[in-house]
Every structure is written in structure tokens, then in C-alpha cells.
Amino acid sequence: LSGRDIALRPLAWALFLLCAGSATAQNYECNEVMVPMRDGTELATDVYMPIGQGDGPFPVILERTPYNKGGCEHRFAPYFAQRGYVAIVQDERGRYNSEGVYYWLLDEAWHERQDGYDTIEWAGTQHWSTGKVGTMGLSFTCFNQYLAAPSRPPHLAAMFCAHSASNAYKDLYWAGG
């Protein structure tokens with residue numbers, strides 16, 4: 001090997017590793033879709049679809065947020081999409097790109113309950129879905145799960161809540177009960 005070949009070898013390895021990493025780094029695509037609710041209001045929803053992981057169907061992980069879904073730049077959704085899940089992040093009614101008016105917990109959070117149910121059922125009945133929808137979230141996105149759960153969506157298979165009180169009345173709004 002010449003001195004030039006030896007000098008270029010680290011560069012060649014670096015390019016190889018960079019290209020190999022980028023080929024697997026983004027094995028998903030994300031598109032915003034408008035998901036219709038039972039009253040005709042459409043909620044902005046980013047759908048992160050796995051690519052190169054078979055034809056599906058795939059299980060679904062859903063987060064509904066008042067904090068801005070991020071326009072296909074969510075922090076955790078790509079992680080799940082790269083591992084064979086359809087990851088869905090949705091702006092709540094009246095927030096950011098979603099239609100409607102945002103009424104935080106108005107009418108005992110009836111819209112949060114109905115919209116959670118409708119979104120879970122929409123995700124569970126798509127052709128790319130296995131019919132199993134899990135929800136995830138922190139803070140109020142966890143409360144969204146608590147609000148949707150009593151409506152008993154048939155496609156809800158699991159919930160992961162973190163960094164939130166399990167009893168909002170006792171532990172958040174009226175501390176100590």
C-alpha cells in the first residue's frame with residue numbers, strides 16, 4: 001500500500017460508517033394527516049410510518065398533546081417508528097394545526113374523552129395497523145390517556161403514563177384531598 005492509500009483509509013472508513021449509519025438512521029417517513037372526529041372537526045396528526053420493516057400491519061403508539069406535535073420532528077416518535085411501530089402524535093382540538101376550539105377540561109373533559117376515543121379507533125382500523133393501539137405520554141399527555149380510558153376504546157391495548165398524578169383532584173388541584 002502506498003502512503004496515500006494508508007492516509008485515505010481512515011477517510012474511507014469514516015465515509016462508509018457515515019453512509020451505512022444514514023441508510024438505517026431514518027427508516028421511517030412522516031406525514032401530517034387530518035383525522036376526523038365524530039363532530040366533523042379534524043385534528044392534525046403526524047403519522048410516522050416504518051419503512052423497510054416489512055409490509056405491515058404494525059402496532060401503533062399514540063400521543064395526543066396540547067404542547068405542539070412538532071411538525072414531524074417529535075422527540076420520541078422516530079425511535080418507535082424505527083423499531084416497527086407506527087408512531088402517531090396529534091395536536092389536541094383547537095391547538096396548533098388542529099381545528100376547533102381548545103377548552104381545557106371543560107364539561108368534565110368531554111372533548112378530550114371523545115377525541116381520544118375517536119383517534120384510538122381511527123388508528124386501530126387503518127390498513128397499516130394491527131388493531132392494537134398503545135398510548136404514551138408525560139404530564140398532560142398522560143392525563144389525556146386517563147381521560148380516554150373510561151370510554152373503553154376497543155382497540156386500546158396498553159397505556160404508558162409518566163410524570164403525572166394519578167388522581168388530579170387529590171394530587172394536583174386540591175393537594176391532600
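Throughout, numbering of the chain's residues begins at 1 and tracks the sequence.
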Next item on the list: Would you kindly confirm whether I61 and I51 end up in one hydrophobic cluster when ILVMFWY residues are joined by side chain heavy atoms under 4.5 Å apart?
Entry: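 Cluster IDs for I61 and I51 differ.
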
Check: Are I88 and M159 connected in the hydrophobic side-chain network, where two residues link if heavy atoms are under 4.5 Å apart?
Finding: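 Yes: a chain of side-chain contacts under 4.5 Å links I88 to M159.
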
Note to self: Run the side chain to side chain contact (heavy atoms under 4.5 Å, CB included) test on D46 and N31 for me, step by step, so that the C-alpha distance in whole Å, both residues' side-chain angles and the decisive distance to 0.1 Å come before the verdict.
What the structure shows: CA-CA 6 Å; D46 289 345; N31 293 296; over 6 Å; no

Got a second to check how far [X]'s [atom1] is from [Y]'s [atom2], nearest 0.5 Å?
X    : Y    : atom1 : atom2 : answer
E42  : E99  : CD    : CD    : 5.0 Å
Y28  : M49  : OH    : CE    : 13.5 Å
D115 : R64  : CG    : CZ    : 5.0 Å
R95  : L43  : CZ    : CG    : 13.0 Å
Q90  : N144 : CD    : CG    : 9.0 Å
L62  : H155 : CG    : NE2   : 13.5 Å

Next item on the list: Give a yes or no on this: more than 12 heavy atoms of other residues, nucleotides or ligands lie within 6.0 Å of atom OH of Y117.
Entry: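 Atom OH in Y117 is crowded, with more than 12 foreign heavy atoms closer than 6.0 Å.
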
Between [X] and [Y], what is the shortest heavy-atom contact and its length?
X    : Y    : result
P66  : Y96  : O-CE1, 3.3 Å
V60  : S129 : CG2-OG, 3.6 Å
F160 : Q145 : O-NE2, 3.1 Å
W128 : W122 : CZ2-CH2, 3.9 Å
P59  : G84  : CD-O, 3.7 Å
E92  : S98  : O-CB, 3.2 Å

Notebook entry, point to check: When you look at K69 and E32, which way does the salt bridge (Lys or Arg N to Asp or Glu O under 4.0 Å) test go after all the steps?
Noted result: CA-CA 10 Å; K69 64 183 175 50; E32 182 181 80; 2.6 Å; yes

Is the shortest heavy-atom distance from the side chain of [X] to the side chain of [Y] under 4.5 Å?
X    : Y    : result
T45  : V89  : no
V86  : P50  : yes
T119 : M37  : yes
D91  : Y102 : no
P150 : R113 : yes

Next item on the list: Show your working on side chain to side chain contact (heavy atoms under 4.5 Å, CB included) between F80 and M136 and close with a plain yes or no.
Entry: CA-CA 11 Å; F80 294 110; M136 68 169 200; 3.6 Å; yes

Check: Do NZ/NE/NH1/NH2 and the carboxylate oxygens of D39 and R93 come within less than 4.0 Å?
Finding: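 Yes.
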
Note to self: On the six-membered ring of Y79, is R83 placed so that its NZ or CZ lies under 6.0 angstrom from the centre and within 45° of the ring axis?
What the structure shows: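 Yes, a cation-pi geometry holds between R83 and Y79.
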
Item checked: Derivation and outcome, side chain to side chain contact (heavy atoms under 4.5 Å, CB included), residues E121 and L156 -> CA-CA 8 Å; E121 289 308 294; L156 180 61; over 6 Å; no

